[in-house]
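Remember, it's a predicted structure, so these values are computed and weren't measured experimentally.
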Amino acid sequence: MKRLTIALLSGAALLAAGTAATAGPAPQSGADTLIPRDKIFGNPSRAGGQISPDGRHVSWLAPVDGVMNVWVAPIGNLGAAKAVTKEAKRGLQNYFWAPDGAHIIYLQDAGGNENFRVHSVDIATLKDTALTKAGDKVRAQIQGVSKLRPDVVLIGLNDRNPQFFDLYEVNYKTGATKLVMENPGYGGWVTDNQLKPRFAFQQVPGGGSKYFRLGADGKWAEVLTVANEDFFTTAPIGFNRDGTTLYWVDSRGRDKAALVKMDAASLKTDVIAGSDKADIQGLLTDPETYEPIAYSVNYLKNEWTPLNAEAKGDLDFLKSKLPGEVSIVSSTDDGSKLIVAASAAEQPATAYIYDRKAKSVTKLYETRPDLSAYPLQPMWPVEIPTGDGKTLVSYLTLPPGADANKDGKADRPVPMVLFVHGGPWARDGYGYNSAHQWLANRGYAVLSVNFRGSTGFGKGFVNAAIGEWSGKMHQDLIDAVDWSIARGVTSKDKVAIMGGSYGGYATLVGLTFTPDKFACGVDIVGPSNLKTLMESFPPYWRPILEGTFYKHIGDPSKPEDLKRMMAQSPITRVDAITKPLLIGQGGNDPRVVKAESDQIVAAMKARKLPVTYINYPDEGHGFVRPENRLSFFAISEGFLSKCLGGRAEPMGDFTGSSIEVLEGAPDVPGLAAAAPKPAAAK
């Protein structure tokens, strides 16, 4: 029942899938050890662990011939694990157990186009059943799965109208499909544990949304509104078992989103918990009643608060037994066994099976076991003040040798990469971060900043970004760079800017609006023109444009908005570029289409400005295939080494990658030799 994700890119998806372990020579110890890129950006050895609803099996994602697939093993015999899916090119990223514990359901798209299809596979026979039809412009999304409706999964499909998702019950064993409800024009559904639509919402012009309730007469009636100021910080998150109570994270009447329960009949609400530091973002529920038993608040780090004695006992036990931050990622239907993950900045996630009755934890796997042989760096949460009185929760990683006493303060200035998150309605957080570890190992300080517009810090912080693309949002990044220089982390001539999606836009803004602040920039799938960005979104984004993007960025059909949007677009300031730029693009990207990169590259070429432009025709909004990830970060490493002077592993070759070097191969050391030659030149 989660509503449509509207961030350009959420979290660290651009660096999706993490690292794989590959055979090689034993690493040397010491701070000068160069960590091979394939240990950081290849496939993980295992990831995405889950336990079956009946507790008889565990599952995870792992490579088959270099491609991520779902593996399943009996819980007492992990050595009998077998791959149950057969993807041969593009690794799977999303899967879950069906309620019967005998089927896996997974989603897959074509080359990153995000037109997902849904499949189920019988773990015993390996029979694969398509639950939705393949279509170039049809997208499927999982609306609900419930043990109370154990034979079906509720799927949303936009096959009738590309803007709206109709609801279908699909038997995941046979593929039989039943239409539940056509969508009359809602941007999202709220369904209960019987997989019945109960509420729906619709964005309204000018911002915010209206919620409608389905009555016993089969008619929808408007029952409540969420103002624009609360849109990013207010959302329903689930019903209790019998559907009488709907739980929300809710910022209405307050700044920080609280955990709230609403009587589904009377609509009366009561606050369960809240925080004055940050929004409530995580929730654990009782496996029988579906009522909240713990919640988390993430300010500098993620912290869990139990709501009853049993949850407190579990959380205390896990904290005492496992290092770093602990998260619960999967549970049996009866809650007797859980999959939990423990991680820290210097420790990629390790998954465990937690038996609640026996009070025991058993290691399931390490996601990146080879990295234990290499020196990883601490991540330091820092609070950076802005010029107008805000506080930016940020994360700093220093390279080996730059912080001898490990106090988080640089002993000497070093080159720095400002790594900007996507979204912008997302956030950076504490923990293992592949980009931070890679860049720090190459000799750079790395700083990630939760600039205004980032989520999790209250609605005031989000709404302070309205109309401020390239304005105060960018000034926050500049304030963070100045803070780093003032504290001796780096020097003013040794700062690069890098990021994906909104972070790519921020990179282009950095080189066009504040070119003296940065030595170079790496833009990954970043928009260059806010007008064409808004006009290019896929149809299923249209229902949420008026109340969200138009409010925060602008409506290109309004002359006054368009004037400001173009003034905030890097494409209009290409003449200001004086520093090297590397651009990476996915040819199938539906969020930031290839034309966004094409147009700024064309403008730079027309002005004879150097730019290196890399395209992957089989990728979308980020690089999923490890061959493509490894090639792009090899190029980025060479590019940054030339710009900032850090270390670089030899580029190697790009075997298996779809890479197209469209411009600027000679500007990156080693790229011209490594790049595939055009067909006529072979």
Is the closest side-chain heavy-atom distance between [X] and [Y] below 4.5 Å?
| X | Y | answer |
| --- | --- | --- |
| Lys531 | Leu562 | yes |
| Ile583 | Ile600 | yes |
| Val509 | Pro570 | yes |
| Trp469 | Gln568 | yes |
| Asp279 | Val249 | no |
| Phe199 | Pro236 | no |
| Arg254 | Val271 | yes |
| His621 | Asp589 | yes |

What about the rings of [X] and [Y], do their centers lie closer together than 6.0 Å?
| X | Y | answer |
| --- | --- | --- |
| His552 | Phe232 | yes |
| Trp189 | Phe165 | no |
| Phe537 | Phe549 | yes |
| His474 | Phe451 | no |

Lys/Arg-Asp/Glu bridge criterion (N-O < 4.0 Å) met for Arg37, Glu637: yes

For the residue pair [X] and [Y], confirm or rule out a side-chain donor-acceptor distance under 3.5 Å.
| X | Y | value |
| --- | --- | --- |
| Gln475 | Thr386 | no |
| Tyr430 | Asn298 | no |
| Thr397 | Gln437 | no |
| Glu627 | Tyr616 | no |

Evaluation steps, side-chain contact (heavy atoms from CB on, under 4.5 Å), between Val449 and Leu418: CA-CA 8 Å; Val449 179; Leu418 179 69; 3.9 Å; yes

Check against side-chain contact (heavy atoms from CB on, under 4.5 Å), Asp523 and Leu511: CA-CA 10 Å; Asp523 154 32; Leu511 296 194; over 6 Å; no

Indicate yes or no for a side-chain donor-acceptor contact from [X] to the backbone of [Y] under 3.5 Å, with no hydrogens or angles considered.
| X | Y | result |
| --- | --- | --- |
| Arg442 | Ile35 | yes |
| Ser448 | Tyr395 | no |
| Glu619 | Arg625 | yes |

Please find the pair of heavy atoms, one from [X] and one from [Y], that lie closest to each other, and give the distance.
| X | Y | result |
| --- | --- | --- |
| Ser569 | Leu530 | OG-N, 2.9 Å |
| Pro323 | Ala342 | O-CB, 3.3 Å |
| Ser251 | Thr233 | OG-OG1, 2.7 Å |

Candidate list Phe633, Tyr432, Tyr444, Phe632, test ring-ring contact (aromatic ring centres under 6.0 Å, His included), partner Trp438, passing option: Phe633

Point-to-point distance, once rounded to the nearest 0.5 Å, from CG of Leu107 to CG of Leu92: 9.5 Å

Passing option when Lys459 is tested against Asp255, Thr234, Asp230 for side chain to side chain donor-acceptor pair (under 3.5 Å): Asp230

Residue among Arg117, Arg139, Arg90 satisfying salt bridge (Lys or Arg N to Asp or Glu O under 4.0 Å) with Asp109: Arg90

Option among Asn463, Asp388, Leu392 that satisfies the side-chain contact (heavy atoms from CB on, under 4.5 Å) test with Arg452: Asp388

NZ (Lys594) with more than 12 external heavy atoms under 6.0 Å: yes

